[in-house]
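Side chains included, hydrogens not; waters and symmetry mates left out as well; all remaining heavy atoms used. The structure displayed is predicted, hence computed values, not measured ones.
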Amino acid sequence: MRSFAWIIGLLLCTVYGVQAQDRVIERPPFLAWSSNSIEIDKIVMGDTVTTLYIKAYYRPKYWIKIATGSFLRDNNGMLYPIRKGVGITLDKEFWMPESGEAEFQLLFPPIPQNVTSLDFSEGDFDGAYKIWGIQLDRNAFYKQKLPKEAVKHKINKKAALPTPKLAYATATLKGKILDYQKDMMKQMRMHIESPASNIHNEQNIIKIEEDGSFQAEVKVASVTSVALEMPFGWVECLIAPNEETSLIINTKELCRRQTHLQKKDKTFGEPVYFNGYLASLQQELASVDIDITLKSVFYMDMYNAIAGKSADEYKAYVLERLPSIRKAIEQSSYSNACKELLNIQVDLAATGKIAMTDRELKSAYIAVNKLNREKANEYFSNTHIDIPEGYYDILKEFTSINTLKALYSRQYASTIYLISFMPNYRKILKETLGTNQGPLFDYIRFNELYHSIKDFIPLTADQEIEIKKLSSPAYTEMLTQTNKETIKKIELNKRKSGFTINEAGEVSNEDLFPSILSKFRGHTLLVDIWATWCGPCRMANKAIAPMKEELKEKDIIYLYITGETSPKGTWENMISDIHGEHFRVTNEQWNFLMSNLNIEGVPTYFIIDSEGNITYKKTGFPGVETMKKQLLKTLSK
């Protein structure tokens with residue numbers, strides 16, 4: 001009996017000994033990720049399996065998916081393909097509960113004990129979820145030191161916000177992404193808050209070198225806000241003519257602050273370190289923790305709150321937090337310069353919200369009542385929102401918007417755009433600000449002319465005289481140079497080929513789309529419903545160009561349809577760089593197509609097989625790889 005008990009004890013010790021060998025890493029830190037929808041709660045590394053315990057955070061009643069091609073890659077380059085999911089089925093839609101939180105496990109082959117880090121990837125397709133540099137040794141990771149250039153500059157708390165200089169010259173942006181890996185990205189977009197940027201979505205593509213360094217040069221007329229778009233987040237900064245802005249992007253801290261599980265853990269320093277132009281102020285702005293948003297950034301939350309309200313009730317709702325925000329700024333420990341700029345940003349935000357009164361109240365009613373496109377258009381056109389006399393007098397409190405210092409704010413360009421939605425906005429601005437002159441008025445006119453030129457409408461002789469009267473030679477020089485470039489491009493466009501302008505012909509609205517398609521029956525079609533003023537449309541057209549060249553031997557016709565909201569001159573010049581078959585239909589035809597084909601917005605894409613069947617439809621650009629995959633799938637039918 002004693003011998004039997006001894007054997008049982010030995011077996012239990014052996015079992016516990018095996019279990020003790022499992023290595024558990026709680027909330028492993030990581031270098032970077034491409035999305036914050038899933039996080040690793042812990043990793044259990046056993047002799048037969050490696051288990052990732054996942055916590056998902058996503059919108060309630062929306063789905064996420066884990067691909068069967070997911071894998072882990074260790075720091076030695078070895079791959080470990082996923083085996084299965086527990087609590088989730090691979091390649092199947094996993095619907096999030098009402099809480100927006102869920103848990104499941106992902107199982108992989110065992111990983112050697114000498115491995116120090118892992119990368120997780122769903123694959124190499126567009127939109128694949130990735131986590132780089134998952135650390136298996138927390139202590140060693142926290143001991144890593146930042147480069148000596150990554151320093152926080154001393155802040156002069158009493159320094160005032162300097163008045164920005166106007167000059168049409170080159171601004172330089174340079175930097176480095178710490179812990180960079182080549183498969184993170186080879187380039188990034190720099191979004192520029194320049195004139196008309198809300199319409200043209202101006203952006204530069206910046207190449208990233210193998211060591212993670214990057215550099216860009218941009219011609220600007222004044223201090224300009226830019227945002228760098230990366231898989232692991234956006235980084236905002238200021239650039240200025242004849243100045244250099246330098247960044248050190250600390251991905252592990254940038255991503256840590258986005259997490260749910262590690263948000264309260266020890267920091268890895270600052271997300272971004274600044275050098276060069278206004279470095280201390282930029283560093284301070286990047287660390288501001290005062291919520292200066294007037295209302296929820298989630299538009300449906302606001303729409304639910306304002307639907308059915310009067311203009312005065314809407315204004316009270318928008319400005320409700322204004323006193324508490326002002327107080328928080330005043331009582332903060334930030335420098336005088338930072339406080340001044342924060343108050344300017346609040347002024348701009350409030351101005352934009354008030355300017356949008358009519359549009360926001362109508363949009364709220366449409367959204368809350370879930371009106372279809374036809375009823376929404378009817379409501380928008382026929383409904384009158386009563387704006388009481390003196391309603392816009394509140395703008396008298398926001399005079400900072402008519403100063404050069406307002407140019408520091410990333411909201412400046414967008415606020416200028418929103419102001420144009422006010423009825424008789426020039427008259428209102430003159431009455432409320434007590435003048436029709438100043439930086440705001442010059443910028444509005446500058447913005448209008450710049451927009452017009454970018455729409456391939458060169459300056460008239462009168463406008464060439466007018467721009468010389470603007471307050472700054474920088475604006476005059478920028479408009480003059482942009483005008484010369486546009487005229488040159490118009491002349492070059494006249495000699496380009498590869499595109500065809502087609503007429504829809506005299507057909508009924510019901511027969512319009514079938515009639516257009518019938519001209520190209522027997523071929524696979526990619527139909528792009530787009531507009532010249534649509535930034536995502538223009539960006540997608542550039543992104544697709546290399547794919548079109550790659551598939552040029554395939555029997556694919558690229559067919560583009562737009563409406564009269566795309567100005568004819570703009571459209572004619574723009575399509576010279578968009579090879580394919582082009583149609584520009586009337587407003588009536590456009591509205592019928594949008595309604596009849598259930599098109600929710602632009603761009604919308606259809607892939608149609610050689611027999612005229614729709615095989616794929618998507619609103620919003622799905623990415624080059626998805627588009628290519630769907631085209632090849634249709635071709636193989």
(request) I would like to know whether Glu625 and Lys629 meet salt bridge (charged side-chain N to carboxylate O under 4.0 Å, His left out); could you show each step before the answer? (result) CA-CA 6 Å; Glu625 288 304 314; Lys629 178 182 176 182; over 6 Å; no
(request) Look only at the side chain of Thr626 and the backbone of Gly623, and say whether a donor-acceptor pair between them is shorter than 3.5 Å. (result) no
(message) Show, in sequence, the C-alpha distance, side-chain angles and deciding distance for Tyr365 and Tyr379, and conclude whether the ring-ring contact (aromatic ring centres under 6.0 Å, His included) test is met.
(response) CA-CA 9 Å; Tyr365 181 89; Tyr379 177 83; 4.3 Å; yes
(message) Holding to side chain to side chain contact (heavy atoms under 4.5 Å, CB included), I want the full list of residues that pass it with Asp265, two or more places apart in sequence or in another chain.
(response) Arg27, Arg138, Tyr142, Gln262
(request) Check Gly123 against Ala128 and note the closest heavy-atom contact, atom names and distance. (result) O-CB, 3.3 Å
(message) How long is the straight-line distance from OH of Tyr180 back to CG of Asp211, given to the nearest 0.5 Å?
(response) 9.0 Å
(message) Check whether Ser34 reaches the backbone of Lys130 with its side chain - one donor and one acceptor, N or O, closer than 3.5 Å.
(response) yes
(message) With side chain to side chain donor-acceptor pair (under 3.5 Å) as the rule and sequence neighbours excluded, what pairs involving residues 599-610 come up?
(response) Thr604-Thr619, Asp609-Asn613, Asp609-Lys637
(request) Using side chain to side chain contact (heavy atoms under 4.5 Å, CB included) as the criterion, list what pairs up with Asp183, not counting sequence neighbours. (result) Arg73, Trp132, Gln181
(message) Once rounded to the nearest 0.5 Å, what's the spacing between atom OH of Tyr558 and atom CG of Leu551?
(response) 5.0 Å
(request) Could you tell me whether the side chain of Glu26 and the main chain of Val24 form a donor-acceptor pair under 3.5 Å? (result) no
(request) Only counting residues at least two apart or in another chain, list the ones meeting salt bridge (Lys or Arg N to Asp or Glu O under 4.0 Å) with Glu39. (result) none
(message) For a quick check under 3.5 Å, do Trp571 and Thr562 share a side-chain donor-acceptor pair by atom type?
(response) no
(request) Please name the pair of heavy atoms, one in Ile38 and one in Ala56, separated by the smallest distance, quoted to 0.1 Å. (result) CG2-CB, 4.1 Å
(request) Can you see which heavy atom on Tyr80 is nearest to which on Pro109, and at what distance? (result) CB-CD, 3.9 Å
(message) For the CD1 atom of Ile43 and the CZ atom of Phe108, what is their distance to the nearest 0.5 Å?
(response) 9.5 Å
(message) To check you understand the geometry: which heavy-atom pair defines the closest contact between Ile88 and Gln105, and what is its length?
(response) CG2-O, 4.3 Å
(message) Does atom CD (Glu210) have a neighbourhood of more than 12 heavy atoms from anything else shown, all under 6.0 Å?
(response) no
(message) If I take atom CG from residue Asp22 and atom OG1 from residue Thr48, how far apart are they, to the nearest 0.5 angstrom?
(response) 8.0 Å
(message) Please check this pair: side chain of Thr532 against backbone of Ser566, looking for a donor-acceptor N/O pair closer than 3.5 Å.
(response) no
(request) Kindly write out the residues that satisfy ring-ring contact (aromatic ring centres under 6.0 Å, His included) with Phe380, not counting sequence neighbours, or none if the list is empty. (result) none
(request) Using modelled atom types only, decide if a donor and an acceptor are shared between the side chain of Thr615 and the backbone of Ile607 within a distance under 3.5 Å. (result) yes
(request) Would you please test Ile557 and Glu581 for side-chain contact (heavy atoms from CB on, under 4.5 Å) and show each step? (result) CA-CA 8 Å; Ile557 290 178; Glu581 304 290 334; 3.9 Å; yes
(message) How close do Phe621 and Ala543 get, counting heavy atoms only, and between which atoms?
(response) CE2-CB, 4.0 Å
(request) Using a cut-off of 6.0 Å, state whether more than 12 heavy atoms not belonging to Lys174 lie near its atom NZ. (result) no
(message) Taking the ring of Tyr560 and the ring of Phe583, is the distance between their centroids below 6.0 Å?
(response) no
(message) For a quick test of reading the model, state the closest non-hydrogen atom pair linking Arg23 to Val115 and the distance between them.
(response) NH1-O, 3.9 Å
(message) If the condition is ring-ring contact (aromatic ring centres under 6.0 Å, His included), which residues does His260 pass it with, not counting sequence neighbours?
(response) Tyr57
(message) Show every side chain to side chain donor-acceptor pair (under 3.5 Å) that has at least one partner inside residues 107-123, sequence neighbours left out.
(response) Asn75-Thr116
(request) Return yes if some donor-acceptor pair links the side-chain N/O of Ser518 with the main-chain N/O of Ser515 below 3.5 Å, else return no. (result) yes
(request) Under the salt bridge (Lys or Arg N to Asp or Glu O under 4.0 Å) rule, collect the residues that match up with Lys61, sequence neighbours excluded. (result) Glu98
(message) Would you say CD of Glu93 has more than 12 non-hydrogen atoms from neighbouring residues, nucleotides or ligands within 6.0 angstrom?
(response) yes
(request) Check salt bridge (Lys or Arg N to Asp or Glu O under 4.0 Å) between Lys176 and all other residues, then give those that pass, not counting sequence neighbours. (result) none
(message) Tell me whether Glu209 at atom CD has more than 12 heavy atoms from other residues, nucleotides or ligands lying less than 6.0 Å away.
(response) yes
(request) For the residue pair Val527 and Leu517, establish whether any side-chain heavy-atom pair is separated by less than 4.5 Å. (result) yes
(message) Around atom NZ of Lys65, are there more than 12 heavy atoms from other residues, nucleotides or ligands closer than 6.0 Å?
(response) yes
(message) Test your reading of the model: is there a side-chain donor-acceptor pair from Arg256 to the backbone of Pro29, 3.5 Å cut-off?
(response) no
(request) Report the distance from atom CD1 of Ile40 to atom CG of Leu52, rounding to the nearest 0.5 Å. (result) 4.5 Å
(message) Using a 6.0 Å cut-off, check whether atom CE of Met300 has over 12 heavy atoms from anything other than its own residue.
(response) yes
(request) Could you check whether the rings of His191 and Trp234 sit parallel, tilted or perpendicular, using 30° and 60° as the cut-offs? (result) parallel
(request) Without swapping roles, check the side chain of Asn596 against the backbone of Phe592 for a donor-acceptor pair under 3.5 Å. (result) no
(request) Taking Asn76 for its side chain and Met78 for its backbone only, find out whether a donor-acceptor pair lies under 3.5 Å. (result) no
(request) Quick one: list whatever passes ring-ring contact (aromatic ring centres under 6.0 Å, His included) with Phe141, sequence neighbours left out. (result) Phe268
(message) Between Phe499 and His579, is the ring-ring contact (aromatic ring centres under 6.0 Å, His included) condition met? List the steps.
(response) CA-CA 5 Å; Phe499 65 99; His579 291 182; 7.5 Å; no
(request) State which residues pass ring-ring contact (aromatic ring centres under 6.0 Å, His included) with Trp33; sequence neighbours excluded, sorted by chain then number. (result) Phe30
(request) Measure from the side-chain N and O atoms of Arg584 to the backbone N and O of Ala504, and report whether any donor-acceptor pair falls under 3.5 Å. (result) no
(message) For Glu549, give me all partners under salt bridge (Lys or Arg N to Asp or Glu O under 4.0 Å), at least two apart in sequence or on another chain.
(response) Lys552
(request) Give the intermediate values and the outcome of side-chain contact (heavy atoms from CB on, under 4.5 Å) for residues Met45 and Leu136. (result) CA-CA 10 Å; Met45 299 169 60; Leu136 305 182; 3.9 Å; yes
(message) If the threshold is 4.0 Å, N to carboxylate O, is there a salt bridge linking Arg521 and Glu611?
(response) no
(request) Output, in order, the C-alpha distance, side-chain angles, deciding distance and verdict of side-chain contact (heavy atoms from CB on, under 4.5 Å) for Ile608 and Thr524. (result) CA-CA 6 Å; Ile608 299 173; Thr524 294; over 6 Å; no
(message) I need the Asp179 CG to Leu31 CG distance, nearest 0.5 Å.
(response) 4.5 Å
